Amino acid sequence: MEQYDGEECYMQQQDDWDRDLLLDPAWEKQQRKTFTAWCNSHLRKAGTQIENIEEDFRDGLKLMLLLEVISGERLAKPERGKMRVHKISNVNKALDFIASKGVKLVSIGAEEIVDGNAKMTLGMIWTIILRFAIQDISVEETSAKEGLLLWCQRKTAPYKNVNIQNFHISWKDGLGFCALIHRHRPELIDYGKLRKDDPMTNLNTAFDVAEKYLDIPKMLDAEDIVGTARPDEKAIMTYVSSFYHAFSGAQKAETAANRICKVLAVNQENEQLMEDYERLASDLLEWIRRTIPWLENRMPENTMQAMQQKLEDFRDYRRLHKPPKVQEKCQLEINFNTLQTKLRLSNRPAFMPSEGKMVSDIINAWGNLEGAEKGYEEWLLNEIRRLERLDHLAEKFRQKATIHEAWTEGQEEVLQKHDYETASLSEIKALLKKHEAFESDLAAHQDRVEQIAAIAQELNELDYYDSPSVNARCQRICDQWDTLGALTQKRGEALQRTGKLLETIDQLYLEFAKRAAPFNNWMESAMEDLQDTFIVHTIEEIQGLSTAHEQFKATLPEADKERQAILGIHNEIAKIVQTYHVNMAGTNPYTTITPQEVNTKWDKVKQLVPQRDQALIEEHARQQNNERLRRQFANQANVIGPWIQTKMEEIGRISIEMHGTLEDQLQHLRQYEKSIVNYKPKIDQLEGDHQLIQEALIFDNKHTKYTMEHIRVGWEQLLTTIARTINEIENQILTRDAKGISQEQLNEFRASFNHFDRDHSGTLGAEEFKACLISLGFDIANDAQKRSGIMDAEDFKTCLISMGYNLGESEFSRIMSVVDPNRMGLVTFQAFIDFMSRETADTDTADQVIASFKVLAGDKNYILADELRRELPPDQAEYCIARMAPYTGPDGVPGALDYMSFSTALYGESDL
């Protein structure tokens, strides 16, 4: 490496230092204070400081950190051990770096620094100050000490009683320091009131003003300078060089304006993105707010047609209204992630949406929507089943009630007759037998009445809309039944009293009546069963009904024999009447059933049997079609479901594997996304099959474990996952381009991450995270500490210190707020990489912006609107004027604006 141009100067200065190894104690004291303050003025930029100059540099860590801060370069990686050999190695790395800048260090070795040799340490710091703070000072082709002295002489030339000839006694009265400040910032010191015979006041005034307004730390004590015959030249030079850099290092107004324009442009773009996010979030939340009450409305309809319309409206919502909102939700998350990435890359604070509009709030609201949607669909299907059941029960109730009412019609009038009072003996016997047959018939109808009451009760329990009319009709039937029972009992008792006087009865009529009545009831029950509607959902159920029907048909031959026997009784009566010329006035006195009625009902039963056969055949065909629909849906669902799962796994592998550059990965993912979108027709086809299933009122499918809801959720998750993965790659590209991270560095980070991601989940546990850091060269082991499975704040701090970051509490709190914004006490891998990339990149800071504004303001603490309009583009000047608060300092003037609070607000350090 080429030696620096000032090498001979350094050698000469170092020789002077060797001859002065035995420093004057007063000079040593001044150097300690001055050099310590100078070092701290730079170390504070890294969030740390030193207390004892010869002790705090012994391990070489803060010495290397100091050189990195003042040079802007990275030194070799420090040793992490605490042994002497590690400390010597670190100090040697620092000394080698100094030597690489063209400085020959004579008689200064790493062992003396590690041993805490005060004079050698002070000499080394002086060498650093010369190289990095003084050596670059050049005035009219002079350099270093002569250039700095010439600069002081020119700046103080107009001031009386100031004669700068050296860097020791020329500064004892303090007027030289005050003159430098007044020359550049006349508003800070009233120079006319200073007296040469009051050096203490002059010196303290200059030191206090420099520290308060110029950010120059107090490196000297007025008492030491006044009390020393010849102040230490090196201490004075170090302190004066700070004034040189403070006053002559300002950039030109154009550079400052460009920086401000850049910062404001970024801020304006981010504000627009924030407004867009707020608008999209508000629209989506408002849609969810309007939709959820509709989905939560459980007001049932009274008819199947109305409920079917509700189901059709719900299908339209699923097909037409919800999919665009799914896309909006996905796009909103992508926009939010992109905005946060841009804010992080521009060193801005994270965007915090308005209350209730966080991504988590939208996810929660969407979850509530999904919950209401699922509950609404289940409710619709249950309501349809309930109405179907109600319609069936209501029809059954009407049939049984009609049959019963037809049977009871006129029975009260018959039971209330007093015909037995004038009847003959034979007529009385006939009336008695007829009454007995009626009682038998009445008992046979008891089951029907109980069935009617049971059906009415079930309709009430199922909340049938026409329950009042059902209950009224049921009550009439029950009341009439009670009346019939009472009348029957009353007439029976009367007939029994009269029957004791009667001896003759027509046995054949009685036998006919007794056999015809149950047979007639059997035929009526058979007709009811044959006309009864049925509801089945599976082939097994219809097969069960068909089997029962076949069993019923098997009983018909025996029933026909019974019919023939009953008709035979009637024929026998006719034969007796014809044979014995019996005077038969009227019909069978014991029953109203006639042979013609028996034949008519029997013919009706035989007519209903083939109709029942046809109905069962048609239902069997319908159930076969339903089974075909089930299998058709299942065949597709059993392909699409695993396909979606496979694609999800493949996307997960793509997101963690390294194949080419980020742009190659992005192109691959976009092609992958296109292939997924091309799969949409299969989903639509499955939706069509699902609609056919729902229209057929099919509620289960044993051929597949996938429901349409599973497929929809999986498809939506697949689209969201591929979009989110593409967005992550785009954000990585933004990070790489903005931070200047090379592809090799990103590959190294990703390779280490993948190596320790054992389960390929895309995340690392705490122990995996530590192992990953160690693999990258970070020694964060702490054998004395029990491993808890996570990296908490103290572990992270230890990790940073082991990497060379010696952090104060306030600086560490700031770093934790960046890498752990949710204050969970945990550090993720992505957050750690963001932090490392930010530390290694050149980004704007609030201090830089303040310094730029200070240049535009002519070193004033405030700025005027005219100055902003003169230096900045019109739109950005007006942007600043509209947002800057009025300046309230004592040196303010009308119209003064506070650019300092405005600059800190840009970086989230105060409220804008």
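All heavy atoms count here, side chains included; hydrogens, waters and symmetry mates do not. What you see is a predicted model, and the numbers here were worked out from it, not measured in a lab.
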Q) Considering all heavy atoms of both residues, which atom of C880 and which atom of L872 are nearest to each other, and what is their separation? A) SG-CD1, 4.1 Å
(Q) What's the separation between atom CG in L734 and atom CD1 in I729, rounded to the nearest 0.5 Å? (A) 11.5 Å
Q) Where do N270 and R348 come nearest, in terms of heavy atoms and distance? A) ND2-CG, 4.3 Å
(Q) Take a 6.0 Å sphere around CD of E286 and say whether it holds more than 12 heavy atoms from other residues, nucleotides or ligands. (A) yes
Q: Considering non-hydrogen atoms only, spot the tightest contact between V849 and S903 and give its length.
A: CG1-OG, 3.4 Å
Q) Are the side chain of N635 and the backbone of R631 linked by a donor-acceptor contact shorter than 3.5 Å? A) yes
Q: State whether E687 and K682 are salt-bridged, where the test is any N-O pair (Lys NZ or Arg NE/NH1/NH2 against Asp/Glu carboxylate O) under 4.0 Å.
A: no
Q) Distance from K342 atom NZ to N731 atom CG, nearest 0.5 Å? A) 9.5 Å
Q: With side-chain hydrogen bond (donor to acceptor under 3.5 Å, both in side chains) as the test, would you mind laying out the steps for Q331 and Q327 before giving the verdict?
A: CA-CA 6 Å; Q331 189 61 45; Q327 294 298 324; over 6 Å; no
Q | D664 side-chain N/O to T661 backbone N/O, donor-acceptor pair under 3.5 Å | A | yes
Q: Step by step, work out the salt bridge (charged side-chain N to carboxylate O under 4.0 Å, His left out) result for E333 and K329.
A: CA-CA 6 Å; E333 294 179 13; K329 172 177 171 291; 3.1 Å; yes
Q: Evaluate side-chain hydrogen bond (donor to acceptor under 3.5 Å, both in side chains) for Q268 paired with Q272, printing each intermediate quantity in order.
A: CA-CA 6 Å; Q268 289 172 320; Q272 184 61 45; over 6 Å; no
Q: Any chance you could measure Q665, atom CD, to H668, atom NE2, to the nearest 0.5 Å?
A: 10.0 Å
Q. So, for E278 and P353, which heavy atoms are closest and what is the spacing to 0.1 Å?
A. OE2-CA, 3.4 Å
Q | Contacts of type side chain to side chain contact (heavy atoms under 4.5 Å, CB included), residue T707, not counting sequence neighbours | A | E709, H710
Q | Pairwise side-chain contact, F633 with M708, heavy-atom cut-off 4.5 Å (strictly under) | A | yes
Q. Is any side-chain N of the basic residue among E716 and R712 closer than 4.0 Å to the acidic one's carboxylate O?
A. no
Q) Is any side-chain heavy atom of N337 less than 4.5 Å from a side-chain heavy atom of Q340? A) no
Q: Assess whether side-chain contact (heavy atoms from CB on, under 4.5 Å) is satisfied between V359 and Y277, documenting all intermediate values.
A: CA-CA 10 Å; V359 172; Y277 174 88; 3.5 Å; yes
Q | Qualifying residue, where the test is side chain to side chain contact (heavy atoms under 4.5 Å, CB included) with R630 and the options are E627, R628, Q632 | A | E627
Q) N701 and Y706: side-chain donor and acceptor closer than 3.5 Å? A) no
Q.
Does E730 form a side-chain contact (heavy atoms from CB on, under 4.5 Å) with N727? I'd like the steps, not just the answer.
A. CA-CA 5 Å; E730 291 173 340; N727 179 250; 4.0 Å; yes
Q) Hey, does K374 have a side-chain heavy atom less than 4.5 Å from the side chain of E370? A) no
Q. When you look at CE of M648, are more than 12 heavy atoms from neighbouring residues, nucleotides or ligands closer to it than 6.0 Å?
A. yes
Q: Would you mind reporting whether D689 and L629 have side-chain heavy atoms less than 4.5 Å apart?
A: no
Q) Between the main-chain N or O of M274 and the side-chain N or O of N335, is there a donor-acceptor pair closer than 3.5 Å? A) no
Q) So which heavy atom on P349 is nearest to which on L906, and how close? A) CD-O, 4.0 Å
Q: Any chance you could measure L666, atom CG, to T725, atom OG1, to the nearest 0.5 Å?
A: 11.0 Å
Q: Applying side-chain contact (heavy atoms from CB on, under 4.5 Å), run through Q636 and T704 and close with a yes or a no.
A: CA-CA 10 Å; Q636 294 188 72; T704 180; over 6 Å; no
Q: Enter the distance from S675:OG to K647:NZ here, rounded to the nearest 0.5 Å.
A: 5.5 Å
Q) Are E673 and R670 close enough for a salt bridge, meaning some N to O gap below 4.0 Å? A) no
**Q.** Minimum side-chain heavy-atom gap L718-I651 below 4.5 Å
**A.** yes
Q: May I ask you to decide whether K357 forms a salt bridge with D361, counting only side-chain N to carboxylate O separations under 4.0 Å?
A: no
Q. Angle class for the W643/Y679 ring planes (parallel below 30°, perpendicular above 60°, tilted otherwise)?
A. parallel
Q | Listed partners of K674 passing side chain to side chain contact (heavy atoms under 4.5 Å, CB included), at least two apart | A | N678
Q) Are Q691 and E695 linked by a side-chain donor-acceptor pair shorter than 3.5 Å? A) yes
Q) Given the rule in the side-chain contact (heavy atoms from CB on, under 4.5 Å) test, do I683 and I711 qualify, once you have shown the distances and angles that lead to the verdict? A) CA-CA 8 Å; I683 304 296; I711 298 299; 4.1 Å; yes
**Q.** Heavy-atom pair with the smallest gap, counting every atom of I676 and W715
**A.** O-CH2, 3.0 Å
Q | Nearest-0.5 Å distance that lies between atom CD1 in I726 and atom CD1 in I334 | A | 8.0 Å
